Amino acid sequence: MQGFKRKIVQALSYEAIAIVLVTAAVMAVSDHDAASSGGLAAATSLIALTWNMLYNTGFEAWEARQASRERTLLRRVLHALGFEAGLVFFIVPVIAWWLEVSLLQALVMDIGLIVFFMFYTMVFTWCFDRVFGLPASARAVPACEGC
């Protein structure tokens, strides 16, 4: 599976599994039921997807105006830090409000989510590639015969 279809299947399956896992985690660390925990998981998922689109659009617009467009390690680190900082800014108040906890408690929970998602993303992507094969962009280019 390649192209747009692959991206849609990957994004939807990633988010569906994440919502189930986050729902279970919220239920484990709070006294909220599955409906409330699942609602929070779905809301944070929607926030993350929306922020991802907005942030990357803005970042790429900024990047296009730079003298060097090379994606250096520093630029990648700054991109990731900016994305996560924005996500914390949007998600922590939602967690605090939804679970009726302090902003500090919500921040600690969100830090747990950030750590979880670093590992989840690696494992999910590896499993997805094993099931559906590598995308064309990650496949080795065949050697040029007769060049």
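Computed from a predicted structure; not experimentally measured.
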**Audit row: R75, L78, side chain to side chain contact (heavy atoms under 4.5 Å, CB included) steps and yes/no** = CA-CA 5 Å; R75 188 170 286 181; L78 292 174; 5.8 Å; no
Gap between atom [atom2] of [Y] and atom [atom1] of [X] - 0.5 Å precision:
| X | Y | atom1 | atom2 | answer |
| --- | --- | --- | --- | --- |
| R76 | L81 | CZ | CG | 14.0 Å |
| L49 | T44 | CG | OG1 | 10.0 Å |
| F132 | K5 | CZ | NZ | 9.0 Å |
| L12 | I17 | CG | CD1 | 11.0 Å |

**Request:** Please determine which of I95, V94, V115, L87 meets the side chain to side chain contact (heavy atoms under 4.5 Å, CB included) test together with D110.
**Result:**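 Exactly one pass, corresponding to I95.
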Common cluster, [X]/[Y], ILVMFWY with side-chain heavy-atom separation under 4.5 Å:
| X | Y | answer |
| --- | --- | --- |
| I114 | L107 | yes |
| F116 | W98 | yes |
| I47 | W97 | yes |
| L73 | F59 | no |
| V26 | F117 | yes |

**Request:** Indicate yes or no for a side-chain donor-acceptor contact from Q66 to the backbone of E63 under 3.5 Å, with no hydrogens or angles considered.
**Result:** no
**N/O donor-acceptor pair under 3.5 Å between N56 side chain and N52 backbone** =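 Looks like yes, one N/O pair under 3.5 Å.
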**Request:** Start with the C-alpha gap between H79 and Y55, add the side-chain angles, then the distance that decides, and say whether side chain to side chain contact (heavy atoms under 4.5 Å, CB included) holds.
**Result:** CA-CA 9 Å; H79 175 271; Y55 181 78; 3.5 Å; yes
Considering all heavy atoms of both residues, which atom of [X] and which atom of [Y] are nearest to each other, and what is their separation?
| X | Y | answer |
| --- | --- | --- |
| S102 | A96 | O-CB, 4.0 Å |
| R6 | D129 | NH2-OD1, 2.6 Å |
| I19 | T23 | O-OG1, 2.6 Å |
| W51 | G82 | CZ2-O, 4.2 Å |

**Request:** Report the residues that fulfil side chain to side chain donor-acceptor pair (under 3.5 Å) with S30, sequence neighbours left out, ordered by chain and then residue number.
**Result:** H32
**Message:** If the condition is side chain to side chain donor-acceptor pair (under 3.5 Å), which residues does T125 pass it with, not counting sequence neighbours?
**Reply:** none
**Request:** Determine, step by step, whether S36 and L40 satisfy the side chain to side chain contact (heavy atoms under 4.5 Å, CB included) criterion, reporting the C-alpha distance in whole Å, the side-chain angles of both residues, the deciding distance to 0.1 Å, and the verdict.
**Result:** CA-CA 6 Å; S36 177; L40 175 60; 5.9 Å; no
**Prompt:** Are Y14 and Y120 near enough that their ring centres are under 6.0 Å apart?
**Reply:** yes
Heavy-atom check, side chain of [X] versus side chain of [Y], under 4.5 Å:
| X | Y | value |
| --- | --- | --- |
| L99 | Q105 | no |
| M27 | D33 | no |
| F90 | T50 | no |
| Q10 | F124 | yes |

**Request:** For atom CH2 of W62, decide whether the heavy atoms of other residues, nucleotides or ligands shown that lie under 6.0 angstrom number more than 12.
**Result:** yes
**Prompt:** Given the rule in the side chain to side chain contact (heavy atoms under 4.5 Å, CB included) test, do F128 and V9 qualify, once you have shown the distances and angles that lead to the verdict?
**Reply:** CA-CA 10 Å; F128 189 87; V9 170; 3.9 Å; yes
